[in-house]
Asks: 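Have a look at the structure that comes next, please.
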Amino acid sequence: SEGLANVGNTWLRCDTRLPSGLHSWVLCDAPRNVPSIDGLITTYVDDLPALNIESNGEVGNGFQLEVIGVDHVVVNTPDLQRTSDALAGVTGAPLKRVRDAGNGAQQGFHRLGGVIVEIVSTPQTLAGPAVFWGLVFIADDLEAVFSHVGPDVLSPPKPAVKPGRYIATFRSAARLGV
């Protein structure tokens, strides 16, 4: 169970042998089992106990996570409709809405259990498959997380798109990848 952490209803595996970033995901109870969803490496389990993992909530060096869950996974794609159709076809989770993010960028949203999948497409995105682009955590006290890791690692919290919520972004100094 080394490198595993339970964050709400999501398990994260931190593998220092891999380059920084999000590389794959494991879906539970998906109606179809394919090795990739429009380029996103995907594996499946029938239920969470099949993962056979335990964790004390620490992720390396005794750092205790100060978050309560995963809000959403961000996917970047050159073709929002293609990636949304592929995700819906495998998971049965329909595209809930599309948001114009300005400058030709669009965001599409699917809900997989308690986690949102945000699919982003911009005019600058190069042709090819979809790629994992980000992971957004929920914190009870974002200011406390910011104070814990500092401004060199995390941007100061600012209002998010959704009223009443705040967001902060890990900086490249965190070496987490995109």
Asks: Please name the pair of heavy atoms, one in P151 and one in R171, separated by the smallest distance, quoted to 0.1 Å.
Replies: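 In terms of heavy atoms, the two residues are closest at O-NE, 2.7 Å.
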
Asks: Using 0.5 Å steps for rounding, measure from the OG1 atom of T122 to the CD atom of Q107.
Replies: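 T122 OG1 to Q107 CD: 11.0 Å, rounded to 0.5 Å.
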
Asks: Which heavy atom of P94 sits nearest to which heavy atom of A88, and what is that distance?
Replies: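 Heavy atoms of P94 and A88 come nearest at CA-CB, 4.4 Å.
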
Asks: Taking side chain as C-beta onward, heavy atoms only, is V70 less than 4.5 Å from I138?
Replies: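 No, their side chains stay 4.5 Å or more apart.
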
Asks: Can any side-chain N or O of R111 pair as donor or acceptor with the backbone N or O of K96 at less than 3.5 Å?
Replies: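 Checked: no pair found.
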
Asks: Using a 3.5 Å distance criterion without hydrogens, assess whether the side chain of N103 forms a donor-acceptor pair with backbone atoms of A105.
Replies: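 Side chain of N103 to backbone of A105: no pair is present.
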
Asks: Quick one: which of T42, L112, V117 gives a side-chain contact (heavy atoms from CB on, under 4.5 Å) with T91?
Replies: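 Going through T42, L112, V117 one by one, the side-chain contact (heavy atoms from CB on, under 4.5 Å) with T91 is satisfied by L112 alone.
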
Asks: When rounded to the nearest 0.5 angstrom, what is the spacing between CD in Q106 and CG in D79?
Replies: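 Those atoms lie 10.0 Å apart.
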
Asks: Keeping H110 on the side-chain end and A93 on the backbone end, is there a donor-acceptor pair under 3.5 Å?
Replies: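 The answer is yes, because a donor-acceptor pair under 3.5 Å joins these two groups.
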
Asks: For the hydrophobic clusters of this structure (ILVMFWY residues joined by side-chain heavy atoms under 4.5 Å, transitively), does one cluster hold both V131 and L135?
Replies: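 In one cluster: no.
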
Asks: Membership question, hydrophobic clusters at under 4.5 Å side-chain separation (ILVMFWY): are I116 and F137 in the same one?
Replies: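 Hydrophobic grouping puts F137 apart from I116.
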
Asks: Indicate yes or no for a side-chain donor-acceptor contact from S121 to the backbone of T77 under 3.5 Å, with no hydrogens or angles considered.
Replies: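 Indeed, once roles are kept as given, a pair shorter than 3.5 Å links the two residues.
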
Asks: Hey, could you give me the OG1/CG distance between T43 and L27, rounded to the nearest 0.5 Å?
Replies: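 Those atoms lie 7.5 Å apart.
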
Asks: Keeping the roles fixed (side chain from S24, backbone from I41), state whether a donor-acceptor pair exists under 3.5 Å.
Replies: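 No: the side chain of S24 does not pair with the backbone of I41.
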
Asks: Work out which heavy atom in I119 is nearest to a heavy atom in S84; give both atom names and the distance.
Replies: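 Heavy-atom minimum between the residues: CD1-OG, 3.5 Å.
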
Asks: Counting C-beta onward and ignoring hydrogens, is there a side-chain heavy-atom pair between V73 and E118 closer than 4.5 Å?
Replies: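 A side-chain contact under 4.5 Å is absent here.
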
Asks: Any link between V74 and F109 through a network of hydrophobic side chains (Ile, Leu, Val, Met, Phe, Trp, Tyr) touching at under 4.5 Å?
Replies: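 Different hydrophobic clusters.
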
Asks: So do R165 and D71 actually touch side chain to side chain, heavy atoms under 4.5 Å?
Replies: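 Yes, side chains in contact.
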
Asks: Taking atom CD of Q124 and atom CG of N76, what is their separation to the nearest 0.5 Å?
Replies: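 Those atoms lie 10.0 Å apart.
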
Asks: Show the nearest heavy-atom pair for residues T125 and P78, with the distance to one decimal.
Replies: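 Closest pair (atom of T125, atom of P78, distance): CG2-N, 3.5 Å.
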
Asks: Taking all heavy atoms of E143 and all of P157, pick out the closest pair and write down the distance.
Replies: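 So the two residues come closest at OE2-CG, 3.6 Å.
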
Asks: With a 4.5 Å cut-off on side-chain heavy atoms, are W25 and I37 touching?
Replies: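 Counting from C-beta outward, I37 and W25 do come under 4.5 Å.
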
Asks: Can you check salt bridge (charged side-chain N to carboxylate O under 4.0 Å, His left out) on D38 and R82, steps first, answer last?
Replies: CA-CA 8 Å; D38 195 27; R82 180 193 74 205; 3.0 Å; yes

Asks: Determine the minimum heavy-atom distance between L154 and F170, stating which atoms define it.
Replies: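 So the minimum-distance heavy-atom pair works out to CD1-N, 3.6 Å.
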
